[in-house]
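Notes for the one structure printed next.
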Amino acid sequence: MPELPDVEGFRRLLDSCARGRVVRRVDVRDIGVLHGIGARGLRDALKGRRFAEPERRGKWLLARTDGPTLLLHFGMTGLLLCADPDDPVEAHDRVLFTLDDDHRLHYRDQRKLRGLWLAHDESEVDRLLASQGPDALTVTRDDLAAALATRRGRLKTTLTDQSVLAGLGNLLADEILWRARLRPDRRVRDLTPAELRCLHTQMRRTLRSALPTGRVPPRASWLTGHRDDPDPACPRCGTPLRRTRLGGRGTVWCPRCQGDGD
């Protein structure tokens, strides 16, 4: 599932492949990924437009042009690829953007849970992203405290709620909570000031370590590197990891490092 580091990787790819290039052709191969606009409307809006510097906000990628802004969300299975002219088009490539140097951008998504939106001005961008909380990469400790102050739910489900904090998904939330030694089912309201400081610190460290890889890296020293093992053990203490579900999401945690109380 693409999370903040993945989308930052897509932003860098878009910047290197398309920034300054003109859209020569738009091929919509599946209208099911378009939201609020049809295939013809997307082609008419973007053909002849020049891509500008892209942005990322949470899990959203903003492909800005010298006109409208294309907003991409990758759901659970979405990808963005920069293809050469002779590269094959895959079955799950939903929209193709051919550039004036003949490279193509492929929006590929197997499950089509999210997709593409078009904003004609900044007010439309703001409207589409109005429900997002602060970005997890740049949120300050005080802003994080404010975002969590009125929450009464479990810590894991709260961190992955994009209206509370934008950018964190299942893998990142488990990794950050393991590093902060906090149980995923802790009540947010029970966090002490010291635990909140630790949570913020470990979130920043985790994200900064993951960003250069463009993914949540399955390193041997990370929880992420062991969650899919047949008999997963904590890379810090060797205790067998536990699996549960919180908010419908598979959750992995260490009962020793993260506490085994209620």
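Along the sequence shown, residues are numbered consecutively beginning with 1. Note: hydrogens, waters and symmetry copies are ignored here, and every other heavy atom, side chains too, is used.
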Derivation of the salt bridge (Lys or Arg N to Asp or Glu O under 4.0 Å) call for D27 and R25 = CA-CA 7 Å; D27 294 298; R25 179 174 173 175; 2.8 Å; yes
Taking atom [atom1] of [X] and atom [atom2] of [Y], what is their separation to the nearest 0.5 Å?
| X | Y | atom1 | atom2 | value |
| --- | --- | --- | --- | --- |
| L129 | D135 | CG | CG | 11.0 Å |
| D185 | L246 | CG | CG | 6.0 Å |
| R114 | M76 | CZ | CE | 12.5 Å |
| L155 | L177 | CG | CG | 4.5 Å |
| D6 | L79 | CG | CG | 9.0 Å |

Looking at [X], I'd like to know if its [atom1] atom is crowded, meaning that more than 12 non-hydrogen atoms belonging to other residues, nucleotides or ligands lie closer than 6.0 Å.
| X | atom1 | result |
| --- | --- | --- |
| L113 | CG | yes |
| R243 | CZ | yes |
| R111 | CZ | no |

With sequence neighbours left out, write down each residue that passes side chain to side chain donor-acceptor pair (under 3.5 Å) with T239, or none if nothing qualifies.
->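 Testing T239 for side chain to side chain donor-acceptor pair (under 3.5 Å), a comparison that skips the adjacent residues, returns none.
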Taking only residues at least two apart or on different chains, which pairs with a member in [range] satisfy disulfide bond (SG atoms under 2.5 Å apart)?
| range | answer |
| --- | --- |
| residues 114-145 | none |
| residues 134-206 | none |
| residues 145-178 | none |

Could you walk me through whether T213 and R219 pass side-chain contact (heavy atoms from CB on, under 4.5 Å), step by step?
-> CA-CA 11 Å; T213 70; R219 294 172 180 154; 3.5 Å; yes
Would you give me the side-chain donor-acceptor pairs under 3.5 Å for residues 159-172, sequence neighbours excluded?
from : atom 1 : to   : atom 2 : distance (Å)
T160 : OG1    : K156 : O      : 3.0
T160 : OG1    : T157 : O      : 3.3
D161 : OD1    : S163 : N      : 2.9
D161 : OD1    : S163 : OG     : 2.7
D161 : OD2    : S163 : OG     : 3.4
Q162 : OE1    : G167 : N      : 2.8
Q162 : NE2    : T160 : O      : 3.2
Q162 : NE2    : L168 : O      : 2.9
N170 : OD1    : K156 : NZ     : 2.7
N170 : ND2    : G250 : O      : 2.8

Name all residues meeting the disulfide (SG to SG under 2.5 Å) criterion together with C82; count only those two or more places apart in sequence or in a different chain, and write none if there are none.
-> C17
Could you list the residues that satisfy disulfide (SG to SG under 2.5 Å) with C257, not counting sequence neighbours?
-> none
Run the salt-bridge test on [X] and [Y] with the 4.0 Å N-O cut-off and return the result as yes or no.
| X | Y | result |
| --- | --- | --- |
| E195 | R197 | no |
| R127 | E122 | no |
| E55 | R11 | no |

Does a donor on one side chain and an acceptor on the other come within less than 3.5 Å for S123 and D126?
->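 No donor-acceptor contact under 3.5 Å links the two side chains.
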Between the side chains of T206 and E175, does any donor sit under 3.5 Å from an acceptor?
-> no
Closest heavy-atom pair and its distance - [X], [Y]:
| X | Y | answer |
| --- | --- | --- |
| L81 | L13 | C-CD2, 4.0 Å |
| G78 | P2 | O-CG, 3.3 Å |
| T77 | Q110 | OG1-N, 3.4 Å |

Would you say the side-chain atoms of [X] pair up with the backbone N or O of [Y], donor to acceptor, closer than 3.5 Å?
| X | Y | value |
| --- | --- | --- |
| H120 | T69 | no |
| R227 | D174 | no |
| R104 | P85 | yes |
| Q258 | L182 | yes |
| H226 | P235 | no |
| R186 | D190 | yes |
| T251 | R249 | yes |

Would you sort out whether E53 and R64 count as a salt bridge (Lys or Arg N to Asp or Glu O under 4.0 Å), showing the intermediate values?
-> CA-CA 6 Å; E53 182 177 5; R64 296 197 178 276; over 6 Å; no
List for me each residue that meets ring pair (Phe, Tyr, Trp, His ring centres under 6.0 Å) alongside W60, sequence neighbours excluded, and say none if there are none.
-> H73, W117
With sequence neighbours excluded, tell me which residues meet ring pair (Phe, Tyr, Trp, His ring centres under 6.0 Å) with F74.
-> F10, Y107
What side-chain donor-acceptor pairs closer than 3.5 Å can you find for residues 36-51, not counting sequence neighbours?
from : atom 1 : to  : atom 2 : distance (Å)
R50  : NH1    : G20 : O      : 2.6

Which residue pairs satisfy the salt bridge (Lys or Arg N to Asp or Glu O under 4.0 Å) criterion with at least one member in residues 81-100, sequence neighbours excluded?
->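 Output for this query lists R21-D100, D30-R94, D93-R108.
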Salt bridge (Lys or Arg N to Asp or Glu O under 4.0 Å) contacts touching residues 74-83 (sequence neighbours left out) = none
Honestly curious: do L62 and L14 fall in one hydrophobic cluster under the side-chain, below-4.5 Å linking rule?
->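 In one cluster: no.
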Charged tip of R179 within 45° of W222 ring normal and under 6.0 Å | yes
